[in-house]
Each structure stands twice: as C-alpha cells, then as structure tokens.
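The chains referred to below are lettered A, B, ... by the order of the sequence lines, with proteins before strands, and numbering in each begins at 1.
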Amino acid sequence: MALDDLAFAIERSFLASEFLTWLWFRCETEGGTFDLPSGGLSIAVEDALQLASWDEDGVKASLRGGAPTKRPEAAHALAAGLLLSKARFVGARGGREWLFALDGQTLDLTSVKVVDPEDDDEPEDSLCDKLAAGEELRLAIDELYDVFLGLRLDDDWNAIEVERIRGWVSSKLKQAQTALQLV
Amino acid sequence: MLVGKGALSFRAFQVNGKGSVPTTERLLGRLDQFAFAGIDTVEEGHQHGWIAPDHLFDGDFHAAKVYRGQYAVFALRIDTRKVRGPVLAAHTAIAIQDVLDAEGLERLSGRRKREIKQEVKRELLAETPPVQRAYGVFWNVRSRRVYLQSTSKTVIEAFRTLFERTFELTAEPAMPGVRAAAFAHEKGRLEALKDARPLILNLTKPGVREPELATV
C-alpha cells in the first residue's frame, strides 16, 4: 500500500469507534440480530464500556459492572459527543456463544472466550475447533463492519441513520434524567 | 501448547503475494530456515525467530505437529536482553565510588565515567538472562489469512518483518481504515469515504468544529 493511501486509511480509523457506537444503537433499538453472508449473528454490548471523543487527546470515560449500557453516565457521555471506543460483547450463532472485547481503534478482538453447546462427543481436535471459532467470529465482525460501511458511505447516512442515532441518544438521555429525578 | 492458549487476543492479516498458498514442504522448510537461533551475544537488544507450537524450546517443524485441520500453527519467539536504567545507574555509582576510593581522587572526568558505565553495562548484560516470550500464530493457508496472538505494535512489526522475509509474502493487517478503503473502492464509494467526517453526536453543543482530514 502506498504511503498516501496508508495515511488516507489511517485517518479514516475513526470509523471503527463509529461502528461500535452504531452496533450499540442497533442492539438496543432492533434487538441486535443481523443477517450476514456467513449466517445470522446475535450480539449485545455487555460490559466494560470505554467512551472517547474522536480527538485522541479528548475526554475519555469508563463504565463497568451493573449493566453499564443502561446507566445515566453512559447516556450523558453519548449526549456529550463521546463514542464507544471499547467494550465487552456477547455474540451467539447456532448453539455457540462468544464473549469478547472489541477495540474501537483497531477492531482487534481480544479476550475471546468460546462457549460451545454441551455435547457428549469430544471434538476431534479441540485446538482446531477453538481457532476456527475465533476465526468465525473475526469474519462475522468483518461482515458486520461491511454492513455498517454500506450505510455509512450511503448518501442518506446523515439524513437517516445519524438522525436515528441522535434520537436514540436523546431517548437514553430522557430515561437517564427520569432515573436521576427518581433518586 | 503456545497456540490457542487461554482467551484469544489476536490481530488478523491478509496474506498476499506470488505463491500466497505455500506447499507444506515450502512452509515447513522456510520455518526451519528462519527458526529462532537464540541470543548468542551479550549485546542489548532483541532476537526473534519461529518456533514450533509446543513450547519455547520447540524447534521441531514436523507436518503432523504444525498442521492442525485447516491451520498451520507455530509461534514467534522474541528474546530481549536489557539492563534496566535504575539498576545500571546504581551499579555505575558504586563502581565510580570504588575507583575514587582506590585512586584517592575527588572526581572523575566525564570520559572516565562513561568508560566505567560501559564496562558496568557489559558485566550486567553478561549476567542478565534474556526475557523469553512467544506469541502464537495460526495461518489459514488456503483462505490466505494469518492470525497473530498479540496486539502489541512492537510484536506486530517484528511478526510482519519476519513473516515477509520468511515466506516472501506480505501480511497486511486488516485495519478499519484500510478495510473501509477496500470496501469503498469495491462499491464505487471512494468519494463518499473521502468526504466522510467523524460523527458528531454532541446534543449539548451544536456546531462544534469538525476535524481536518487528508483528501488523497
């Protein structure tokens, strides 16, 4: 890859944290089930939220434990312009479940744990199965990213999807304010 | 087993180049040729090479061990020999004081102090064992994707350099911007990607500034 192309690509890395935030939005508003070329995938944001502004030197916030996606702090961070920069997710396909973290700068998968359905038959090669499960998740996340990119690069991105995301944040903010008034 | 140990954290790479699906003989032969050879000097620095998947001292690249299902599995070993700064400073101060006492001097020249420091460093390096680390690699050879069980920049750079030298193939990391550029190119949306600016969700302060980006 030429240096100019590389600089261009690196400067578009902000798309990764937009992707994570969009994923969170879709999980909460549409249930988090996606039809992908490799098959259906259900996904949910679980824990260990890190939110940050697009500017590397900007504000960062972390929330973990006790359903952090529902916390008023999360709604306020989004409303203040922070995007999801890292989180722990749970994903499921068929009987298989993955627990994993996704990084909003590199989209690297970290701390991937695979939970397979209870099965009396021992796998022929458990290492091979584990690596294949990791690779399957990687490919599914890449496909999800492509779904996001399709919307992100569409002419209607700002008019439709961004407005929907803003509506979601606004709704979370109202719920947070209600929750805080009840305290 | 070094590969697939514990929870998986990894970086994915696309393998490109002429002969990007190497034969078993070539893959094993090249691993053997670029196998970890050990740190044989007392100089400060890193040494890296490939090892077989079982343990840190496994240099046995047999097909039955390396090929597991659709994957070739092996590991990148990186040994590092380094003297920590505070340890060097403390030993140097003691050595300088010993020289002052032995020669009945009140101070030493800068040059002499540097010589003593270098000598102390040589001695410490000779008695400092290298730190040995290994990072699992699993390569889906047919689908041209290789995975490194590390997300550290230093380890990734060492891996790419060695992988490219070993197999004469490139290993391109699937970074979000690179993937977006490839997607936009394929879908004819490069202009939209060039015009893309970070999403500003800020509901409290409308009209915040947008960043300047390259428009190559």
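Within the 4.5 angstrom heavy-atom criterion, no atom of A/Ile141 approaches chain B. Interface residue B/Phe183: only side-chain heavy atoms are found under 4.5 Å from chain A. The contact between B/Val3 and chain A is made by backbone and side chain atoms together, counting heavy-atom distances below 4.5 Å. Residue A/Asp142 touches chain B through both its backbone and its side chain, counting heavy-atom pairs closer than 4.5 Å. Both the backbone and the side chain of A/Arg166 come within less than 4.5 Å of a heavy atom in chain B.
The candidate from A/Ser170, A/Ser111, A/Gly134 with the greatest count of non-hydrogen atom pairs under 4.5 Å with chain B is A/Ser111. Taking chain B as the reference chain and counting heavy-atom pairs below 4.5 Å, the highest number among A/Ala101, A/Cys128, A/Ser53 is found for A/Cys128. Heavy-atom pairs under 4.5 Å with chain B were tallied for A/Ser13, A/Ala132, A/Gly150; the largest tally goes to A/Ala132. Most heavy-atom pairs under 4.5 Å with chain B, from the set A/Gln105, A/Glu135, A/Lys113: that is A/Glu135. When each of B/Met1, B/Gln70, B/Arg68 is scored by its heavy-atom pairs under 4.5 Å with chain A, the top score falls to B/Arg68. For chain A, the option among B/Gly177, B/Ala12, B/Pro173 with the highest count of heavy-atom pairs below 4.5 Å is B/Gly177. Options B/Ala174, B/Ser9, B/Ala180, B/Ala182 differ in how many heavy-atom pairs under 4.5 Å they form with chain A, and the most are formed by B/Ser9. Chain A forms the most heavy-atom pairs under 4.5 Å with one residue out of B/Thr170, B/Leu193, B/Val73, B/Asn140, and that residue is B/Leu193. Chosen from A/Val114, A/Leu131, A/Leu137, A/Leu99, the residue pairing most often with chain B at heavy-atom distances under 4.5 Å is A/Leu131.
Other residues, nucleotides and ligands contribute at most 12 non-hydrogen atoms within 6.0 Å of the NZ atom of B/Lys117. Surrounding NE2 of B/His185 are at most 12 heavy atoms belonging to other residues, nucleotides or ligands under 6.0 Å away. With a 6.0 Å radius and a threshold of 12 heavy atoms from other residues, nucleotides or ligands, B/Arg165 has its CZ atom at or below the threshold. Within 6.0 Å of CZ on B/Arg133 lie no more than 12 heavy atoms contributed by other residues, nucleotides or ligands. Residue A/Arg96 places its CZ atom among more than 12 non-hydrogen atoms of other residues, nucleotides or ligands, all under 6.0 Å distant. Annotation for A/Lys60: atom NZ counts as buried by contact number, over 12 foreign heavy atoms lying within 6.0 Å.
Here the CD atom belonging to A/Glu11 is positioned 13.5 Å from the NZ atom belonging to B/Lys194, to the nearest 0.5 angstrom. To the nearest 0.5 angstrom, A/Lys130 atom NZ is 9.5 Å from B/Phe138 atom CZ. Between atom CG of residue B/Leu8 and atom CH2 of residue A/Trp98 there is a gap of 12.5 Å, rounded to the nearest 0.5 Å.
Using non-hydrogen atoms only and a strict 4.5 Å limit, the part of residues 15-52 of chain A facing chain B consists of A/Leu15, A/Ala16, A/Glu18, A/Thr21. Residues from residues 144-151 of chain B that place a non-hydrogen atom less than 4.5 Å from a non-hydrogen atom of chain A comprise B/Arg145, B/Tyr147, B/Thr151, given in numerical order.
Among all heavy-atom pairs drawn from B/Ala184 and A/Leu153, the shortest one is CB-CD1, 3.8 Å. Between B/Leu199 and A/Arg152 the shortest heavy-atom distance is N-NH2, 4.4 Å.
Put simply, the side chain of B/Arg179 reaches to within 4.5 Å of the side chain of A/Asp146, judged on heavy atoms. Proximity of B/Met175 to A/Leu107: side-chain heavy atoms (C-beta onward) are nowhere separated by under 4.5 Å. Residues B/Arg189 and A/Asp155 form a side-chain contact, since some pair of their non-hydrogen atoms from C-beta on lies under 4.5 Å apart.
The residue from A/Thr110, A/Asp108, A/Leu109 that alone fulfils the side chain to side chain contact (heavy atoms under 4.5 Å, CB included) condition with B/Arg11 is A/Asp108.
Salt bridge status for A/Asp154 with B/Lys187: absent, with no side-chain N to carboxylate O gap under 4.0 Å.
A distance-only check finds no donor-acceptor pair linking the side chain of A/Arg12 to the backbone of B/Pro176 [under 3.5 Å].
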